[in-house]
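Some notes on the structure that comes next.
We name chains A, B, ... by the order of the sequence lines, and we start the count at 1 in each one.
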There are 2 protein chains.
Amino acid sequence: MNVEERIKTKEQIPLDRRTIIHMMLVNNTINEQIAIALKPFDISIQQFNVLRILRGQKGKPANLSTLNERMVTRMSNTTRLVDKLMSKGYVDRITCPSNRRKVEINLTKKGTDKLLEMDKTMAQTEAALLNQFSDSDMKQLNLLLNKF
Amino acid sequence: MNVEERIKTKEQIPLDRRTIIHMMLVNNTINEQIAIALKPFDISIQQFNVLRILRGQKGKPANLSTLNERMVTRMSNTTRLVDKLMSKGYVDRITCPSNRRKVEINLTKKGTDKLLEMDKTMAQTEAALLNQFSDSDMKQLNLLLNKF
DNA sequence: CTGCTACATTTGTATATACAATTGTTGTAA
DNA sequence: TTACAACAATTGTATATACAAATGTAGCAG
């Protein structure tokens, strides 16, 4: 992706600004591709993220603040995000018996199955996005990203 | 920024997935910081982007499709984005005399002035975001981003 | 036990965004 | 010249998101 061409500018962009813009452009690409991959499942990136967090819990229920803490892109209203996953039948939610302020959220069987399907598509998408990267490219990129 | 720590996972994340997640996390940081910088001006990143595009036009008016084409993060409703800039007095909009389907959007004096103020804050924010990067780091990062 | 503060989630509401349908304009083929 | 397709922007509407206020619960000082 050529930055100047994409944003149609002829003037030279200072390196620091160009870097920021470049990051944004790539991120848009990433988000678009993942959204396309998840579209058949009628699910957003954040919803997918929550499903994966729940799987990582290995049956141990999660409450809302835990989810919010672990989400890649945090959002201001996790309640309603979980509402949507519930209405799809992917998770269930009960109030925590030991502390009735909290809730316990779990993956359902249906959620687990769907997530397994999504995994395949997502793996393909990740691979496609990164197909020009060698392992050492990726390591280098991760090192550079650490500087942010 | 340590990925595993941030998303609170103990399991090892495959390198390709980690790379994608890392990109997203850094992008969130970038967006948050820029949003904070622009908050005093009561303007969004995309609105700021449009103002800069208009300045790049050097007085030559832009129409909506031009703006949309050049925006870093394109959106589905540039009309209403421009509405907001108009209501702030930063731009004006007339229908194009030579082709009445199009519009001509221009920066106002007020918009130009405000943009100049925003430049300062934005330069600081960019510098702060990239303060751990040497020039060669940035060049390297840009090269790697080209692979997406 | 009472009153108070902190906690965890939910709800209300205003704003933002996506997507499709609509409006008005232009160019052009018959 | 008329009819029609393509174009450019706008509008309607459903959904998403942010932010603040409200609800209900727990813990704790006195």
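Relative to the side chain of Lys102(B), the nucleotides dT10(D), dT9(C), dA9(D) differ in distance, and dA9(D) lies closest. Comparing dT10(D), dA8(D), dA8(C) against the side chain of Arg101(A) picks out dA8(C) as the nearest. Counting only heavy atoms from C-beta on, Lys84(B) has its side chain closest to dA16(C) among dA18(C), dA16(C), dA9(D). Listed candidates were dA18(D), dC19(C), dA9(D). Nearest to the side chain of Arg80(B) is dC19(C). Considering only the side chain of Arg100(A), dT25(D) comes nearest among dG12(C), dT25(D), dT9(C).
Comment: Glu5(B) does not engage Lys10(B) in a salt bridge, judged by the lack of any side-chain N to carboxylate O separation of less than 4.0 angstrom.
Side-chain contact of Asp137(A) with Ser134(A): a donor-acceptor pair under 3.5 Å is present, judged by distance alone. Counting only N and O atoms by type, the side chains of Gln57(B) and Arg70(B) include a donor and acceptor under 3.5 Å apart.
Both Ser98(A) and Ser44(A) sit near DNA chain D, but only Ser44(A) has its closest nucleotide nearer the 5' end.
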Thr19(B) vs Asn142(A), side chain to side chain donor-acceptor pair (under 3.5 Å): CA-CA, chis, key distance, verdict: CA-CA 6 Å; Thr19(B) 305; Asn142(A) 274 281; 3.0 Å; yes

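Put simply, CG on Asn77(B) is 13 Å from C1' on dA8(D), counting in whole angstrom units. The CE-P distance, from Met75(A) to dT15(D), rounds to 16 Å in whole Å. Here the C1' atom of nucleotide dA18(D) and the CG atom of Asn31(B) are 15 Å apart, to the nearest Å. For the pair Ile43(B) CD1 and dT15(C) P, the computed distance is 17 Å after rounding to whole Å. Note: CG (Asn99(A)) to P (dT9(C)) measures 9 Å, nearest angstrom. Look at CG on Leu81(B): it is 17 Å from C1' on dC19(C), rounded to the nearest Å. Atom P of nucleotide dT15(C) and atom NZ of Lys88(B) are separated by 11 Å, given to the nearest angstrom. At whole-Å resolution of the value, CG in Asn49(B) and P in dT17(C) are 13 Å apart.
Heavy atoms of Arg74(A) sit nowhere under 4.0 angstrom from any nucleic acid atom. Base contact: Thr79(B) has a heavy atom under 4.0 Å from a base atom.
In this structure, the side chains of Leu51(A) and Met118(A) come closer than 4.5 Å at one or more pairs of heavy atoms.
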